[in-house]
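To keep things clear, I will list the structure first and then write my remarks on it.
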Amino acid sequence: MKVTIGHLYPDLFNLYGDSGNVQCLKQRLVWRDMEAEVCPLCAGEEIDFGKLDIVVWGGGADKGQALAVEYLERIGPEFRDYVEDGGVVLAVCGAFQLLGNYYQAGEERIKGLGILDIHTERCDERLVGNVVLESPLVATPVVGFENHAGRTIIGDCTPLGKVLYGRGNTGDGGYEGVVYRNVIGTYLHGPLLPKNPEVCDWLLERALARRYGEGVKLTELSDEAELRANRNMVERLSAGRKGR
Ligand code: GLN
């Protein structure tokens with residue numbers, strides 16, 4: 001069994017080690033004797049969404065986001081069809097914002113893909129620091145690191161989780177990210193997936209089910225070190241000591 005991972009615009013979007021999410025997806029397949037192919041999809045390249053099982057799109061600064069608009073316009077219709085067909089996507093921070101309708105960065109309105117019915121407004125205060133979420137997708141708390149000036153209004157969309165520590169989509173709304181079909185949009189860098197193996201496996205399971213049917217089960221991995229690191233962060237933050 002093979003999973004094809006498209007790494008979208010690694011040349012414009014790769015803040016805070018977000019490409020580690022691609023490595024994590026790949027490694028967790030390899031550990032299970034499954035095949036993983038990673039396709040870097042640089043700005044301007046033709047993209048065959050039909051061959052992709054997972055799209056990973058990392059965070060990006062305002063400048064990179066503005067540069068991406070012309071390329072996004074070209075791939076928009078096919079990207080939208082991929083999502084509506086159950087295609088799996090992980091979009092972090094700047095990418096999460098661009099899955100929405102727009103990102104208002106001061107005077108400049110950066111047009112998004114409109115795949116998620118959300119929008120983002122930039123504010124002066126950046127929201128920076130560690131985050132812990134409680135998410136209905138997974139049993140373990142989700143940990144990560146946020147650094148964004150944008151405030152994302154998600155309307156009726158389903159959040160990824162409830163903020164237990166940190167700021168989240170709007171800084172004070174109590175929720176973080178969005179889940180839509182097989183798409184996770186989130187502000188959490190880290191990179192997210194090595195810190196939260198259950199989230200990684202949620203994405204892999206969705207991708208395998210879409211390609212090979214619901215019967216495919218992922219074998220369990222020990223995840224002892226990952227879960228210890230996760231627990232350590234949750235305990236550190238809940239004890240009120242600010243994590244670095
Ligand atoms: N430029 C966006 C913001 O500051 C996204 C930043 C990021 O991807 N970390 O809100």
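Since this is a predicted model, take the numbers as computed values, not measurements. We count ligands from 1, going down the list as the structure has it; atoms in each ligand are counted the same way.
Residue-ligand proximity, G94 to ligand 1, at heavy-atom distances under 4.0 Å covers atoms 5 (C), 7 (C), 8 (O). For ligand 1 and R126, the ligand atoms under 4.0 Å from any heavy atom of the residue are 4 (O). Below 4.0 Å from some heavy atom of G150 lie the following atoms of ligand 1, by number and element: 3 (C), 10 (O). Proximity to N147 (heavy-atom distance under 4.0 Å) selects the following atoms of ligand 1: 6 (C), 7 (C), 9 (N). Near L15, meaning under 4.0 Å from one of its heavy atoms, ligand 1 places the atoms 7 (C), 8 (O), 9 (N). Close contacts between ligand 1 and G59 involve ligand atoms 8 (O) [criterion: under 4.0 Å to a heavy atom].
For the ligand labelled ligand 1, residue Q97 lies inside the 4.0 Å heavy-atom shell. Using a 4.0 Å heavy-atom cutoff, F13 is absent from the residues neighbouring ligand 1.
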Can you check side chain to side chain contact (heavy atoms under 4.5 Å, CB included) on T152 and F96, steps first, answer last?
-> CA-CA 9 Å; T152 299; F96 168 42; 4.0 Å; yes
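Between D85 and R181, none of the side-chain N atoms (NZ, or NE/NH1/NH2) sits under 4.0 Å from a carboxylate O, so this pair counts as no salt bridge.
Q65 places no side-chain N or O within donor-acceptor distance of the main-chain N or O of A95, the cut-off being under 3.5 Å. Y102 places no side-chain N or O within donor-acceptor distance of the main-chain N or O of Q97, the cut-off being under 3.5 Å. Judged purely by atom type and a 3.5 angstrom limit, D18 uses its side chain to pair as donor or acceptor with the backbone of G59. The backbone N or O of T219 lies less than 3.5 Å from a partner atom in the side chain of R32, making a donor-acceptor pair.
If you check the side chains of Y9 and N14, you find no donor sitting under 3.5 Å from an acceptor. In the model, E84 has a side-chain atom that pairs as donor or acceptor with a side-chain atom of Y180 under 3.5 Å.
D62 OD1, 2.3 Å is the protein heavy atom nearest to atom 1 (N) of ligand 1. Among protein heavy atoms, the minimum distance from atom 7 (C) of ligand 1 is reached at C93 SG, 2.8 Å. Scanning the protein for heavy atoms near atom 4 (O) of ligand 1, the closest one is A149 N, 3.0 Å. When hydrogens are left out, the protein atom nearest atom 5 (C) of ligand 1 is G60 O, 3.3 Å; that is the closest non-hydrogen contact.
Aromatic ring pairs are classed by plane angle as parallel below 30°, tilted from 30° to 60° and perpendicular above 60°; the pair F13 and W57 is perpendicular. Using cut-offs of 30° and 60° for the angle between ring planes, the Y187 and H148 rings count as parallel.
At a 3.5 angstrom cut-off on N or O pairs, Y16 does not count as close to ligand 1. Taking any N or O of V92, backbone or side chain, none lies under 3.5 Å from an N or O belonging to ligand 1. Between H148 and ligand 1, a contact under 3.5 Å exists for no N or O pair.
At a heavy-atom cutoff of 4.0 Å, ligand 1 is contacted by no atom of R122, backbone or side chain. Contacts of Y187 with ligand 1, taken as heavy-atom pairs under 4.0 Å, are absent altogether.
Within a 6.0 Å radius of CZ in F49, more than 12 heavy atoms belonging to other residues, nucleotides or ligands are found.
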